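Treat the numbers as computed from the prediction; the structure is a model and nothing was measured.
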Number of protein chains: 2
Amino acid sequence: MKVKATSFDIAHLAGVSQSTVSRALRDSPLVNQETRDRVKAIAAELNYKVDKNASNLRQQQSRTLALLLFEDLTTDDSLINPFFLSMIGSITKASSLAGYDLLISFQNMSDDWHAEFEDTNKADGIILLGYGDFVDYQDKLSQLEEQQTHFVRWGAEDKNHPGLSIGCDNFQGGFDITQHLISTGRKTFAFVGGADDHAPEFQARYLGHCKAISEAGLKINKHYQVEAFSTENSGYDAAKSLISQHAEIDAICCASDLIAIGVMQACKDLGKRIPDDIAVVGYDNIPVSRFTNPALTTVAQDTIRAGELLVTSLLALINGEQITHQSMQVEVVQRQSCGHK
Amino acid sequence: MKVKATSFDIAHLAGVSQSTVSRALRDSPLVNQETRDRVKAIAAELNYKVDKNASNLRQQQSRTLALLLFEDLTTDDSLINPFFLSMIGSITKASSLAGYDLLISFQNMSDDWHAEFEDTNKADGIILLGYGDFVDYQDKLSQLEEQQTHFVRWGAEDKNHPGLSIGCDNFQGGFDITQHLISTGRKTFAFVGGADDHAPEFQARYLGHCKAISEAGLKINKHYQVEAFSTENSGYDAAKSLISQHAEIDAICCASDLIAIGVMQACKDLGKRIPDDIAVVGYDNIPVSRFTNPALTTVAQDTIRAGELLVTSLLALINGEQITHQSMQVEVVQRQSCGHK
DNA sequence: CTGAAAGCGCTTACAG
DNA sequence: CTGAAAGCGCTTACAG
């Protein structure tokens, strides 16, 4: 087994006290420059690294953030929503930039709530990501708040929901893309994705969608909204029955790109041409959306920015600053699936 | 600020010593059952959680694994290969099952090598994931080995490469899928994806591909192999020039599904029908491969199993057991892009 | 500018 | 079965 050097070993070799070693390594101005250099040189030579457990224990902080991902919909690991994966990437990057490590944990709603990361001093704060069932969620959030855990959540704001959330303007996104569809002459709109309060993000997109329709003087038909959670399969199944029952639909707004990919497949299997017979649009602008056939028109959320915002807000919270809900802009990305030329 | 209970607080309330509290909480048989229950009850009431920093420091272990992801190809966060995302999922699951937390870090090859996770006692071992440039990689691996860091790597085995690796049989995968293509009557094969020793996984797939071709008595044409790294764009660009120069090609094997998606797009843009004019097959069986149009024939790697294997092997290594390279089986998944009916 | 000392909150030999 | 004590490896007031 390898035996690690401690600050005492360095002190011994440098002929100074251990406290001086500790100060030198942390670049304390209290230490003579020459001493500092000498200590650092020896530390480098011994391949010395500060023991984080000791340092964290002493400082009562971990310089670590925990990212909890919820995805109750499925037990299949491969179905992680690519949008969240982008978020994982940007969150990881943002926390590393801030000098924090990132613990990650996938959880089912049904799981024991693993949010003891902060309680055990393994993390200074928690980021929550996921479109799990929001109603179940609520309780757990309250619990976190009660324990005075520092956390931020990606998602819709909700007056009566505890904690801080950062999210995109889902209502606006649903509105914008639907308006775009209307401007290209579509008349009969369907929406695939849950629109109840169990999935507030999807609901907001749906409400924006509806607003655009009524503003245009078109009719909203309740039967044209069908439930789906964010997987290709779920979208496929939902669209198949929807379209076969309602041949008059000429545009489908999907609550996510994953759903849209399934919906497009269903259209093809039913002999509907996209976009000639029917327009299909998504939401998220996941990487593959440019490569579907036809390329998917969708709503982009800036995941880079989102990751940064999540991390900086959480850090602010940890530092005791006052933070409020933030809503980010969205943008319609026009491709071919809507018939846009 | 919340003030956390310590084991001393519990000791006080339970009327026992702090050492007894510690033992009781760890379910030591040394402690009287009744005392144990009482201590636990009080701990639960105070919402007490063992301080991991203190506990880890004392035990000189962290019960944490670090997952390092390399992806040098791009600075765009959204382009994380979905295959790796599946792996992240299964690794997270496997480590949580083993009672370990998971630190995650995306790194560029150019980065300072962050593998001090183990040196700082933040992690007991490291899992390396990524198809970065293997030649650069090599040095860093040697360094890890020198420092006696515990690590396992996802990927091809390489005689002269340091450390333990777990991977799928890429050669066999390349062989099997090419053979399948041959059996459907294709004659002129191209391969899109790097085939040099900078990307040994891709290379192995290519070599398997070549073996199948020569075994069938067909001709291998060097010009039909073009470089690409694992993104849709890269595949698209590679295929566009390949196909326009060599109209005779009737089958393209891609080193990854992402590449294949780009290749399919290029085929379409050039007016080639898939699979009628040209067959396209991928590698990885990422979730979206079922939803491309036509659905992509590909090679499946069992990511669930891979994640488990990676974690259990690493833990064995940490426990000082002797471990050797493991190669997992692959399986051809037949869909429509190869012309299979 | 430097050192001796206390203490972060645990776990675990050691003694009874 | 239980307690007093040492110690994991740091950081940082305190004193000089």
Residue pair A/Thr6, A/Asp51: steps toward the side-chain contact (heavy atoms from CB on, under 4.5 Å) verdict: CA-CA 8 Å; A/Thr6 72; A/Asp51 184 308; over 6 Å; no

Could you walk me through whether A/Cys168 and A/Met328 pass the side-chain contact (heavy atoms from CB on, under 4.5 Å) check? CA-CA 4 Å; A/Cys168 277; A/Met328 294 171 52; 3.9 Å; yes

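Between the side chain of A/Thr312 and the backbone N or O of A/Leu309 there is at least one donor-acceptor pair closer than 3.5 Å. A donor-acceptor pair is defined here as one N or O able to donate and one able to accept, closer than 3.5 Å; no such pair exists between the side chain of A/Arg153 and the backbone of A/Ser165.
Electrostatic pairing of B/Arg63 and B/Asp101 does not count as a salt bridge here, judged by no charged N lying under 4.0 Å from a carboxylate O. We find that B/Lys40 and B/Glu34 are not joined by a salt bridge, their nearest charged nitrogen and carboxylate oxygen being 4.0 Å or further apart. At a threshold of 4.0 Å, the pair A/Glu45-A/Arg38 does not count as salt-bridged, since none of the basic side-chain nitrogens sits closer than that to a carboxylate oxygen.
Remark: A/Val31, A/Asn32, A/Thr35 in residues 31-43 of chain A come within less than 4.0 Å of DNA chain C through at least one heavy atom.
The pairing partner recorded for C/dA13 is none, the criterion being a Watson-Crick or G-U wobble arrangement whose two distances lie under 3.5 angstrom. Across every strand in view, D/dA4 sits unpaired, with no contact that passes the Watson-Crick or G-U test at under 3.5 angstrom.
Summarising the geometry, the separation between CG on A/Asn56 and C1' on D/dT12 is reported as 16 Å, rounded to the nearest angstrom.
As rounded to the nearest Å, D/dT12 and D/dG16 have C1' atoms that lie 16 Å from one another.
The side chain to side chain contact (heavy atoms under 4.5 Å, CB included) with A/Leu314 is formed by just one residue from the set A/Asp124, A/Ile127, A/Ile126, A/Ile91; it is A/Ile127.
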One character per nucleotide, please: for nucleotides 4-10 of chain D, 5' to 3', B when the base has a protein heavy atom closer than 4.0 Å, S when only the sugar-phosphate does, - otherwise. BBBBBBB

